[in-house]
Amino acid sequence: MSVVIAERLERDRAMHAALPMVGATLADVLAAADFLHHSVPSRAELQDSVRRLAGAGLLKIDDDLVEVAPEGEQLWRTRPFSGLSSAVLTLQAQLNRSSTPGDHDWSLDEPTYTAAVREYSLRLADGR
């Protein structure tokens, strides 16, 4: 869900600035996760989640850019419309039922994770 939120925000920014949409950065995903859960996921949590979702065909990952794949977009569009917390629970239940998450070979090294956390922290300090 963090990737969906982050990607939609980036899509809106790109559209308003007449820039191409290239996906959400890891800092964008961390910001959305912090908004949703009031905590920033650890490197291992982020890596494992992205690997599982990419392995299930729900996300596309390229270096530090993440996009919702068409299958993930379909899962998002077919969710029941309700409050944010129940949407998270519903999507998790649908994901558990509808796909067997695979393992993607993407890895998140410590310097890349640290850079994303630093970028997100700077945004917070700047009030963005």
Side-chain angles (χ1 to χ4, degrees):
M1 188 155 208
S2 297
V3 174
V4 170
I5 291 169
E7 187 183 52
R8 288 204 173 14
L9 289 172
E10 284 307 303
R11 186 178 298 150
D12 287 348
R13 284 185 204 142
M15 185 177 69
H16 291 296
L19 297 170
M21 176 58 197
V22 294
T25 67
L26 292 177
D28 299 326
V29 174
L30 293 176
D34 190 21
F35 169 77
L36 288 171
H37 305 290
H38 304 291
S39 68
V40 174
S42 70
R43 184 194 66 77
E45 290 170 327
L46 184 58
Q47 177 179 278
D48 292 347
S49 297
V50 169
R51 277 182 173 175
R52 289 185 71 223
L53 293 168
L58 301 174
L59 294 181
K60 294 189 276 183
I61 181 88
D62 185 18
D63 292 326
D64 70 340
L65 293 176
V66 185
E67 292 181 74
V68 178
E71 294 84 356
E73 194 66 41
Q74 179 65 25
L75 181 61
W76 174 254
R77 275 193 242 115
T78 58
R79 80 193 185 290
F81 288 90
S82 55
L84 191 56
S85 61
S86 59
V88 170
L89 294 173
T90 300
L91 283 171
Q92 182 63 48
Q94 286 178 339
L95 176 60
N96 289 341
R97 276 195 311 271
S98 67
S99 72
T100 305
D103 193 18
H104 192 269
D105 64 353
W106 179 76
S107 64
L108 178 58
D109 61 38
E110 193 63 42
T112 303
Y113 175 76
T114 301
V117 170
R118 187 176 314 123
E119 181 182 336
Y120 172 52
S121 297
L122 289 172
R123 290 180 193 177
L124 283 177
D126 288 344
R128 293 186 277 154

Self-check item: Set of salt bridge (charged side-chain N to carboxylate O under 4.0 Å, His left out) partners for Glu10, sequence neighbours left out
Solution: Arg13

Exercise. Could you tell me which residues satisfy salt bridge (charged side-chain N to carboxylate O under 4.0 Å, His left out) with Arg118, sequence neighbours excluded, listed by chain and number?
Key: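 Listed in chain order: nothing, the list is empty.
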
Exercise. Check whether any side-chain N or O of Thr112 sits under 3.5 Å from a backbone N or O of Leu108 as a donor-acceptor pair, and report yes or no.
Key: no

For residues 53-60, tabulate all N or O donor-acceptor pairs below 3.5 Å that involve a side-chain atom, not counting sequence neighbours.
none

For [X], enumerate each residue passing the side-chain hydrogen bond (donor to acceptor under 3.5 Å, both in side chains) test, keeping only those at least two apart in sequence or located in another chain.
X	answer
Glu71	none
Gln47	Arg43
Asp62	none
Thr25	Asp28

Practice problem: Under the side-chain contact (heavy atoms from CB on, under 4.5 Å) rule, collect the residues that match up with Ser121, sequence neighbours excluded. | Solution: Val117

State, to 0.1 Å, how close [X] and [Y] come at their nearest heavy-atom pair, and which atoms those are.
X	Y	value
Ala116	Leu26	CB-CB, 3.7 Å
Val29	Ser2	O-CB, 3.9 Å
Val3	Glu67	CG1-C, 4.3 Å
Tyr113	Pro41	OH-O, 2.5 Å

Quiz prompt | Straight-line distance of Glu45 CD to His37 NE2, nearest 0.5 Å | solution = 10.0 Å

Practice problem: Hey, could you give me the OG/CG distance between Ser39 and Leu30, rounded to the nearest 0.5 Å? | Solution: 10.5 Å

Quiz prompt | Sequence neighbours excluded - salt bridge (Lys or Arg N to Asp or Glu O under 4.0 Å) pairs with any residue from residues 32-42 | solution = none

